[in-house]
Amino acid sequence: MESKLPKGYEPQEVEGRWYAAWEQGGLFHADETSARPHYSIVIPPPNVTGVLHMGHALNNTLQDILVRWKRMTGHEVLWMPGTDHAGIATQNVVEKQLSSQGMDRHALGREKFVERVWQWRQESGGQIINQLKRLGASCDWERERFTMDEGLSQAVREVFVRLFEDGLIYRDNRLINWCPRCHTALSDLEVEHEEKKGHLWHLRYPVVGTERFLVVATTRPETMLGDTAVAVNPEDERYRDLIGQRILLPLVNREIPIIADDYVDREFGSGAVKITPAHDFNDFEVGKRHDLPLVNIFDESGVVNENGGPYAGQERYEARANVVADLENQGLLEKVDDYGNAVGECYRCRSVIEPYMSKQWYVKVKPLAEEAIKAVQDGRTRIVPEQWEKTYFEWMFNIQDWCISRQIWWGHRIPAWFCDDCDQITVSREDVTLCGHCGSSRVRQETDVLDTWFSSALWPFSTMGWPERTETLAKFYPTSCLITGFDILFFWVARMLMMGLKFMGETPFRDVYIHALVRDAQGQKMSKSKGNVIDPLHVIDEYGADAFRFTLAAFAAMGRDIKLSTERIAGYKAFANKLWNAARFALMNLEGFDPAAIDLDRSDLSLADRWILAQLAEVELETGRALGAYRFNETANLLYAFTWNSFCDWYIELAKEDLYGTDEAARERAQGVLYTVLERLLRLLHPLMPFITEEIWQSLPGERPVRFLMEASYPAGGGIPVDTVGAVKMEQVMAVVRAIRNIRGEMNVPPGKGISAVLDCKSEATALVLRENEGYLRALARVDNLSAAVGVSRPEKAATQVAGDVEVLLPLAGLVDIEEEERRLEKEIAKVAKDVEMFAKKLSNEKFVANAPPEVLEKDRGKLRAGEEKLGILQGSLEKIRELR
RNA sequence: GGGCGAAUAGCUCAGCUGGGAGAGCAUCGGCCUUACAAGCCGAGGGUCACAGGUUCGAGCCCUGUUUCGCCCACCA
């Protein structure tokens with residue numbers, strides 16, 4: 001027999017072919033005019049600068065599984081794809097490119113630079129899209145969006161203007177997080193705090209008009225150049241007499257006051273704190289309370305400015321070294337301690353953040369957050385797993401105003417115009433040439449752009465055509481589900497909820513499924529610097545997209561990080577191969593078979609047929625249930641076990657007798673079941689393994705109602721006759737097979753060697769089943785001679801096992817060691833007796849009988865009965881053995 | 001400082017509303033049995049971190065302890 005399929009599965013050859021066919025067939029496209037129920041997901045837009053990493057792979061695999069499943073359950077599915085312009089990240093990439101050519105953006109000018117970025121995007125911005133396609137992502141590519149698109153830009157302006165008009169956007173001059181490398185403000189979220197080893201310098205400040213010194217402790221000695229006070233705790237006796245006196249600030253020789261403030265912790269350091277309102281968030285607050293002047297000592301690159309006197313022109317760390325050295329020379333350095341503290345870093349370039357005074361735009365988020373909190377509280381949006389709701393609430397309750405302006409060039413320029421005549425601000429959807437307040441033409445547009453996350457926050461509706469009232473919005477908003485990692489729960493999810501509720505009046509998604517982070521096999525976060533990054537594309541090349549997807553699904557248990565190991569992926573590649581070979585077997589045995597003739601209700605189905613169909617029906621129901629509950633790992637495990645254990649290890653082996661036999665009717669019947677199980681299994685597996693399943697499905701004989709497996713319906717147990725009694729009978733036969741195999745294994749009887757088996761049955765019904773299905777025992781346990789009956793004549797010397805209500809005896813005269821067999825039986829009896837005793841005790845406990853639910857009672861009674869029966873059989877065996885001594 | 005999570009077989013992890021502990025890998029033994037050696041058959045291996053409690057019954061619920069991990073936060 002020759003198969004059409006090659007002997008091993010070759011993913012590379014198959015994947016591209018089917019992806020192209022699906023795409024050309026328009027199978028990814030969503031139709032807003034469809035009458036089907038909708039299912040929609042918007043993709044978390046990857047950065048245009050991005051290359052596919054494990055996080056993307058997991059995220060998009062899960063989305064694709066859901067989306068393919070929902071298409072198969074009769075939904076009109078929209079999976080909206082696109083990319084994010086990623087302001088700072090993208091600007092940095094292009095700046096680097098420029099600097100490698102000896103240029104910089106300032107020399108180029110804003111307009112030319114932005115052109116350059118667009119050009120970069122044109123040339124190399126789309127690679128991640130192609131990488132998603134390699135994964136099998138079935139997005140509606142015709143709708144692909146970019147956050148800087150015309151339409152999305154319009155949405156950004158609309159939102160900005162409306163928030164401004166509602167008084168929810170304002171400007172303010174305050175300390176912000178400033179990146180001296182990127183030259184821009186950052187929101188609090190964009191600052192990452194990392195514990196760093198540093199020092200605590202103790203500086204001696206001379207008190208004016210005395211011989212005394214006041215010692216202050218600081219982690220940033222260079223900021224002393226900007227000190228405008230020293231603070232002590234008002235309750236601190238040590239310093240009470242100094243309050244109101246003055247310090248002569250060393251190096252810059254400026255007099256500053258000694259003030260009292262509760263903020264100072266008496267226990268920490270010396271109990272005196274230098275106050276630098278322009279460069280520290282706490283000090284800024286203290287300064288406000290005491291009306292202290294602000295002395296800004298840095299420029300926007302973190303270089304000391306003219307206020308730093310002799311240190312002007314020095315970079316901040318250079319200045320630090322010099323300040324410390326000079327203080328030491330003057331005897332003003334008391335001591336230096338090692339000290340660890342968390343320093344803020346720019347999440348894009350890792351530079352240490354500088355608290356910096358500047359005027360920025362803010363969104364007043366409290367009113368928006370209130371609505372977003374309500375939406376989750378009342379269940380309009382459900383966060384899965386639920387534990388993340390707490391984290392969400394925790395953050396939302398303590399949310400601070402959102403700094404949305406960035407001093408970079410790549411992004412949505414803020415639609416606000418300043419008037420040089422009346423100093424008023426005009427905010428507008430359209431570009432402005434005249435001041436909206438005084439009519440002057442001397443207007444200049446704000447040069448700042450918006451935080452990238454501002455446009456991302458609109459993604460669920462901006463991509464669907466808002467502010468127009470489009471058919472797409474009507475059909476697909478709110479979306480059904482958002483799949484994302486917890487790392488952007490605040491950055492993105494919370495903000496989408498706020499914006500969606502504000503502008504659509506409806507939550508943007510019914511469910512939010514939060515998945516884990518993908519780590520390396522040691523549990524380390526993957527990062528380029530650690531060199532432990534596994535490239536998803538290499539994985540796809542080596543193991544195939546299906547094996548990779550299946551691995552990710554199998555790992556995606558709720559609430560835990562994923563430690564990805566290539567061994568595991570290799571294991572699922574073997575699974576793909578197993579499926580492939582099962583299909584090869586089926587195809588070899590389905591030559592010329594016409595599935596139109598399948599009749600599963602015929603009465604001559606074999607026990608194996610009845611058993612596998614019952615298994616199939618169950619796995620279909622379970623799979624649907626698991627997918628509906630976002631239990632991806634359970635889905636994968638169910639299908640893995642059914643495919644490998646039930647279908648391949650048992651059913652295929654059991655069916656060989658009929659498939660290879662000469663009985664035409666039996667053969668056709670077995671073919672029908674084989675075809676049915678395989679075809680439905682392919683459908684079940686398709687969302688997880690789209691390529692291999694499509695390839696096999698297309699090779700199946702006969703006609704099917706749709707062109708592609710991708711379009712087929714997802715099986716849910718319908719049309720399968722379930723014969724529970726038959727299935728149970730089969731289990732009995734299988735138990736006997738296992739018992740015989742077990743003995744063979746223990747006794748080292750080679751599988752090729754035929755043996756005799758005597759089955760001493762405790763019931764006539766079981767004996768009948770075993771006799772009628774002798775063929776299975778012959779084929780699977782290599783039994784040549786079989787006698788199965790109640791009270792069958794027993795062989796003299798035999799190895800025994802109990803299978804249900806059957807005592808299996810293998811007369812292996814030469815191999816059986818009587819004493820060892822006796823020991824084995826005694827051990828087994830002890831084990832079973834212990835169980836029996838446990839159940840008997842449990843069931844004689846009145847409280848248990850009174851309180852336990854009936855099904856539990858019934859189950860335990862059954863177990864007790866079975867245990868007693870088994871114990872009886874084993875004791876009988878033991879007696880017989882002992883008689884031989 | 002606040003919040004969240006984890007601890008189950010040698011390893012990596014499942015275990016959904018409480019009803020006698022599972023998988024994959026690894027280990028050991030036997031097999032080239034005509035779909036598959038990327039395979040087949042079999043075996044061994046666990047005080048479910050620790051201490052209490054609730055319950056007829058706890059890996060699961062409650063309290064405390066220990067050890068890890070993550071997130072948030074303005075103590076110099």
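Quick caveat, the model's predicted, so the values are computed rather than measured. Every chain is numbered from 1, with letters handed out A, B, ... down the list of sequences.
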Looking just at side-chain N and O atoms, do A:Y356 and A:N177 make a donor-acceptor pair shorter than 3.5 Å? no
May I ask you to check whether A:Y572 and A:D546 show a side-chain donor-acceptor distance below 3.5 Å? no
Mind checking ring-ring contact (aromatic ring centres under 6.0 Å, His included) for A:F491 and listing every partner two or more places apart, or none if nothing turns up? A:Y347, A:W453
Looking at A:K390 and B:rC4, is any side-chain donor or acceptor paired with a base atom of the opposite kind under 3.5 Å? no
Check every strand shown and say whether A:D835 touches a base, only sugar-phosphate, or nothing at a heavy-atom separation below 4.0 Å. base
Between B:rA35, B:rG3, B:rC40, spot the one nearest the side chain of A:D649, thanks. B:rC40
Is there a side-chain contact between A:M224 and A:T276, using heavy atoms and a 4.5 Å cut-off? no
Atom CD1 of A:I696 and atom P of B:rA35 are separated, to the nearest Å, by 16 Å
Using atom P in both nucleotides, what's the gap between B:rA37 and B:rG29 to the nearest angstrom? 22 Å
Per-residue pairing states of RNA chain B in dot-bracket (Watson-Crick or G-U under 3.5 Å; . unpaired, | other strand) read (((((((..((((.....[..)))).(((((.......))))).....(((((..]....))))))))))))....
Where does the angle between the aromatic ring planes of A:F647 and A:F642 fall among parallel (under 30°), tilted (30 to 60°) and perpendicular (over 60°)? parallel
Closest to the A:W644 side chain, choosing from B:rC40, B:rA76, B:rU12: B:rC40
Provide a list of protein-nucleic acid N or O atom pairs under 3.5 angstrom, restricted to nucleotides 24-31 of chain B.
unit_1, atom_1, unit_2, atom_2, d
B:rG29, O2', A:N748, OD1, 3.2

Looking at every strand, decide which applies to A:I743 at a 4.0 Å heavy-atom threshold: base, sugar-phosphate, or nothing. nothing
Of the listed nucleotides B:rC41, B:rA76, B:rA14, the one nearest the side chain of A:N341: B:rA76
With respect to the phosphate group of B:rA35, does any side-chain polar atom (N or O) of A:N589 fall under 4.0 Å of OP1 or OP2? no
Could you work out which one of B:rA38, B:rG19, B:rA43 sits closest to the side chain of A:N577? B:rA38
Between B:rC36, B:rC13, B:rA43, which nucleotide gets closest to the side-chain atoms of A:K563? B:rC13
Does a salt bridge link A:D337 with A:K335, judged by any charged N lying under 4.0 Å from a carboxylate O? yes
Phosphate OP1/OP2 of B:rG20 contacted by A:K863 side-chain N/O (<4.0 Å): yes
Test: side-chain hydrogen bond (donor to acceptor under 3.5 Å, both in side chains). Region: residues 854-864 of chain A. Which pairs qualify, not counting sequence neighbours? A:K842-A:D860
For A:N177 and B:rC72, what is the distance between atoms CG and C1' respectively, to the nearest whole Å? 14 Å
At under 4.0 Å, does any side-chain N or O of A:K834 touch on OP1 or OP2 of B:rG20? no
Checking contacts here: which listed nucleotide (B:rG19, B:rA43, B:rA76) is nearest the side-chain heavy atoms of A:N742? B:rA43
Sugar-phosphate only, base, or nothing, as touched by A:P355 at under 4.0 Å among non-hydrogen atoms: nothing
Closest to the side chain of A:E653, out of B:rU12, B:rC36, B:rA14, is B:rC36
State which of B:rC41, B:rC70, B:rA35 makes the closest approach to the side chain of A:R584. B:rA35
Is there any salt bridge (charged side-chain N to carboxylate O under 4.0 Å, His left out) pair reaching into residues 187-198 of chain A, and which pairs are they, with sequence neighbours excluded? A:E190-A:R406, A:E192-A:R350, A:E194-A:R350, A:K196-A:E345
Using the P atom as the reference point in each nucleotide, state the distance between B:rG59 and B:rC71 in Å, no decimals. 33 Å
At under 4.0 Å between heavy atoms, what does A:E846 touch on the DNA or RNA strands: base, sugar-phosphate, or nothing? nothing
Would A:R568 count as a cation-pi partner of A:F555, with NZ or CZ less than 6.0 Å from the six-membered ring centre and within 45° of the ring normal? yes
Using the C1' atoms only, state how far B:rA14 lies from B:rA6, rounded to an integer number of Å. 14 Å
P gap between B:rG3 and B:rC11, integer Å: 33 Å
Under 4.0 Å between a side-chain N/O of A:K842 and OP1 or OP2 of B:rG57, yes or no? no
With distance as the sole criterion, do the side chain of A:D561 and the base of B:rG69 form a donor-acceptor contact below 3.5 Å? no
Test item: A:N637 side-chain N/O and A:N633 main-chain N/O as donor-acceptor pair under 3.5 Å: yes
Determine which pairs satisfy side-chain hydrogen bond (donor to acceptor under 3.5 Å, both in side chains) with at least one residue from residues 733-745 of chain A, sequence neighbours left out, and list them in order. A:N742-A:Q801
Identify whether any heavy atom of A:Y392 sits under 4.0 Å from a base atom; if not, whether one sits that close to sugar-phosphate; answer base, sugar-phosphate or nothing. nothing
Whole angstroms only, please: what is the CZ-C1' distance between A:R778 and B:rU33? 17 Å
Categorize A:R625 for me: base, sugar-phosphate, or nothing, with a 4.0 angstrom heavy-atom threshold over every strand shown. base
Compare the minimum distances between each of B:rA35, B:rA76, B:rA73 and the side chain of A:T218, then state the nucleotide with the smallest one. B:rA76
At 4.0 Å (heavy atoms only), tell me whether A:F839 reaches a base, stays on the sugar-phosphate, or touches nothing. base
B:rU17 and B:rG24: how far apart are their P atoms, nearest whole angstrom? 24 Å
Taking NZ from A:K859 and C1' from B:rG18, how many angstroms apart are they, rounded to a whole number? 12 Å
Would you call A:R220 and A:E354 a salt bridge, using N to O less than 4.0 angstrom? yes
For B:rG57 and B:rG19, measure between their P atoms and round to the nearest Å. 15 Å
Write down the distance separating the P atoms in B:rC60 and B:rU54, rounded off to the nearest Å. 15 Å
Per the salt bridge (Lys or Arg N to Asp or Glu O under 4.0 Å) rule, which among A:E821, A:E828, A:E820 passes with A:R824? A:E821
Of all the choices, B:rG42, B:rG19, B:rA76, which nucleotide is nearest to the side chain of A:F848 once you look at every atom? B:rG19
Does a side-chain N or O of A:W580 approach OP1 or OP2 of B:rG39 to a distance below 4.0 Å, or not? no
Classify A:K656 by what it touches in the nucleic acid, base, sugar-phosphate, or nothing, heavy-atom distance under 4.0 Å. base
Taking the same atom, C1', in B:rC48 and in B:rA43, what whole-Å distance lies between them? 23 Å
Expressed in angstrom and rounded to an integer, what is the separation of A:R741 atom CZ from B:rA43 atom C1'? 15 Å
